[in-house]
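Below is one structure, written out as structure tokens; the observations come after it.
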2 protein chains.
Amino acid sequence: MPIVTDARPYHHGRLREALVDAGLALARAEGPDAVVLRAASRAAAVSHNAAYRHFADRDELLRAVAERCMSRLALVMEQRQDALEPDPDPAARALSRIDAVGRAYLEFAATEPGWFRTAFAVPDKVNSFGPGEGVGARGLSPYALLGAGLDDLVEVGVLPAERRPGAEYAAWSAVHGLAMLFNDGPLRDLPDTERAVATQIVLDVVARGL
Amino acid sequence: MPIVTDARPYHHGRLREALVDAGLALARAEGPDAVVLRAASRAAAVSHNAAYRHFADRDELLRAVAERCMSRLALVMEQRQDALEPDPDPAARALSRIDAVGRAYLEFAATEPGWFRTAFAVPDKVNSFGPGEGVGARGLSPYALLGAGLDDLVEVGVLPAERRPGAEYAAWSAVHGLAMLFNDGPLRDLPDTERAVATQIVLDVVARGL
DNA sequence: ATCGGCATGTTGACAGTGTCTACTTCTCAT
DNA sequence: ATGAGAAGTAGACACTGTCAACATGCCGAT
């Protein structure tokens, strides 16, 4: 019988959550490649193999972390939409809501590059996130939030209904591509002022082209 | 004095090129993470440390491989432009040249996903590619080829001159984003027919919005 | 209440990686 | 011809993911 037992019990209790939290911290600082089983296990004060009781392999942990990153993105989108001052004009309101979606996406990519890259670094085996995964407070994924914004545009008469199908491909691609080019791509060291210009141009072109 | 010497001399002769070639093969099959020093050294039939005589570290090899991948992309763009049947109408010609740029980009991403991902996986330390790097047969980078196409559009009167500055941000972002969403993102398992639809929509929106 | 099954966590091992230091071989300019 | 330096080798270390064998202790059936 041990005299002074270690404070930590043999069984962790909520190791799975602890590992995902640790992975989230690693991803935030260094991106998806830094989500390392042994480092996460160390952070959770647990032996390096304990993770295998909760995840089949490293990819499964990474996927869980990526799903949380996607949720964070959805949350930022929702917050930016909620922060809009109410506009009496429905058309203007719908437009500013769509604008907020795009700007929140780019803001998230800029302020949390590690999380942003991780959100889209889902391992090959897994298609994407299932329903109810990677969602924000309203239960909507970033993709669904964009779709809802586009629906509003139609309802308000800004976007012709015949252009609605597939509109998210254009909007999403443009904003996602810009974020990638800024973060990891050839536009990596564009100065902030030029970034703002590029952002405005991209959003304008999409708005005009939809 | 050895009686029957090994056919391979002690000094490789063009080890640097051999390593980049090996890295290119690895990148093609598995993407940038598969560009591994020891595997490339094995492919070049050389000890695992020989690479350090030609590259400071793994990132420097990866950068050399990425630069070649970017050149391949430029070459595909040039080929698709050259393959266009001549159109008497200058405006139509300029438009089809820009269209070819975008479609070649997406074709490259679809047919050579490993190379495409590697082209944009330049390690953090390095800004991007210097002048004369990542270029095609005409000495133009993908970015420059896009810019030339946009210049043509202005010259021919299709694109208003005041909209020319920054136009590559919009065109590039949209096409790059779509390629990323198809290859690694949530649109990974979109069926081919739907991919074609999405591609057409994205190109249309950009063309209309520019 | 207790006892055993089973989920949970640990230990140790292996192969693979990047990178360091020390060493060997060979080329080429003097 | 020779010796300095470029090019390649050998061995080591720390780190990773993953496997197999083992230890622990919770919880329900008895």
Side-chain angles (χ1 to χ4, degrees), chain A residues 1-23 25-27 29-66 118 121 123-126, chain B residues 1-23 25-27 29-66 118 121 123-126:
Chain A
M1 175 187 178
I3 311 299
V4 176
T5 64
D6 190 339
R8 207 162 19 82
Y10 188 86
H11 284 29
H12 185 287
R14 8 176 297 272
L15 181 53
R16 193 192 156 91
E17 293 81 355
L19 289 170
V20 175
D21 286 343
L26 294 169
E30 302 278 353
D33 288 351
V35 178
V36 158
L37 273 179
R38 294 174 98 113
S41 300
R42 278 193 298 270
V46 109
S47 94
H48 66 268
N49 256 327
Y52 283 92
R53 301 296 156 187
H54 301 272
F55 303 96
D57 53 18
R58 183 219 175 230
D59 275 0
E60 207 169 292
L61 169 61
L62 179 56
R63 188 189 175 283
V65 173
T118 306
D124 282 354
K125 303 170 192 174
V126 191
Chain B
M1 176 187 178
I3 310 298
V4 175
T5 63
D6 189 339
R8 210 162 16 82
Y10 188 87
H11 283 48
H12 184 287
R14 11 177 288 275
L15 180 53
R16 192 194 158 91
E17 292 81 357
L19 289 170
V20 175
D21 287 343
L26 294 168
E30 302 279 353
D33 288 351
V35 178
V36 157
L37 272 179
R38 294 172 98 114
S41 300
R42 277 194 297 271
V46 108
S47 94
H48 68 268
N49 256 325
Y52 283 92
R53 299 296 155 186
H54 301 274
F55 302 97
D57 53 19
R58 183 219 175 230
D59 275 0
E60 206 169 293
L61 169 61
L62 178 57
R63 189 190 174 282
V65 173
T118 306
D124 282 354
K125 303 170 190 171
V126 191

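First the proteins, then the strands, lettered A, B, ... as listed; each starts at 1. Atom set for the values below is all heavy atoms of this structure, side chains included, hydrogens, waters and symmetry mates excluded. All values derive from a computational prediction rather than experimental measurement.
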Can you tell me the distance, in whole Å, between the [atom1] atom of [X] and the [atom2] atom of [N]?
X       : N      : atom1 : atom2 : result
B/Leu19 : D/dA7  : CG    : C1'   : 12 Å
B/His48 : D/dC13 : NE2   : P     : 13 Å
B/Asp33 : D/dG17 : CG    : C1'   : 14 Å
B/Arg58 : D/dC15 : CZ    : P     : 19 Å
B/Arg38 : C/dG16 : CZ    : C1'   : 8 Å

Which nucleotide in the list C/dT19, D/dG8, C/dG9 gets nearest to the side chain of A/Leu15?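 The nucleotide sitting nearest to the side chain is C/dG9.
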By nearest atom, which of the nucleotides D/dT16, C/dT11, D/dT9 is closest to the A/Arg42 side chain?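 Nearest listed nucleotide: D/dT16.
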Return whichever of A/Arg53 or B/Val35 has its heavy-atom-nearest nucleotide of DNA chain C closer to the 5' end.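 Taking each residue's closest nucleotide, the earlier one in sequence belongs to A/Arg53.
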Could you pull out all residues at least two apart from B/Ala39 that satisfy side-chain contact (heavy atoms from CB on, under 4.5 Å)?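 Only B/Leu26, B/Val36, B/Arg42 meet the side-chain contact (heavy atoms from CB on, under 4.5 Å) criterion with B/Ala39.
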Look at all strands and tell whether B/Arg14 reaches a base, only sugar-phosphate, or nothing, counting heavy atoms closer than 4.0 Å.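 Nothing: the residue B/Arg14, judged by heavy atoms under 4.0 Å, touches no strand.
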For B/Arg16, report the nucleic acid contact type (base, sugar-phosphate, nothing); a contact means any heavy atom under 4.0 Å.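 Since no nucleic acid heavy atom lies under 4.0 Å of B/Arg16, the category is nothing.
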Can you find a donor-acceptor pair, distance only, under 3.5 Å between A/Asn49 side chain and C/dG12 base?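 Yes.
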How many angstroms lie between CD in B/Glu30 and CG in A/Asp124, if you round to the nearest 0.5 Å?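 Separation between the atoms: 8.5 Å.
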Rounded distance (nearest 0.5 Å) linking atom CG of A/Leu37 with atom CG of A/Asn49: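 One finds 9.0 Å between CG of A/Leu37 and CG of A/Asn49.
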Determine yes or no for a side-chain-to-main-chain donor-acceptor pair under 3.5 angstrom, with B/Asp57 supplying the side chain and B/Glu60 the backbone.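 The answer is yes, because a donor-acceptor pair under 3.5 Å joins these two groups.
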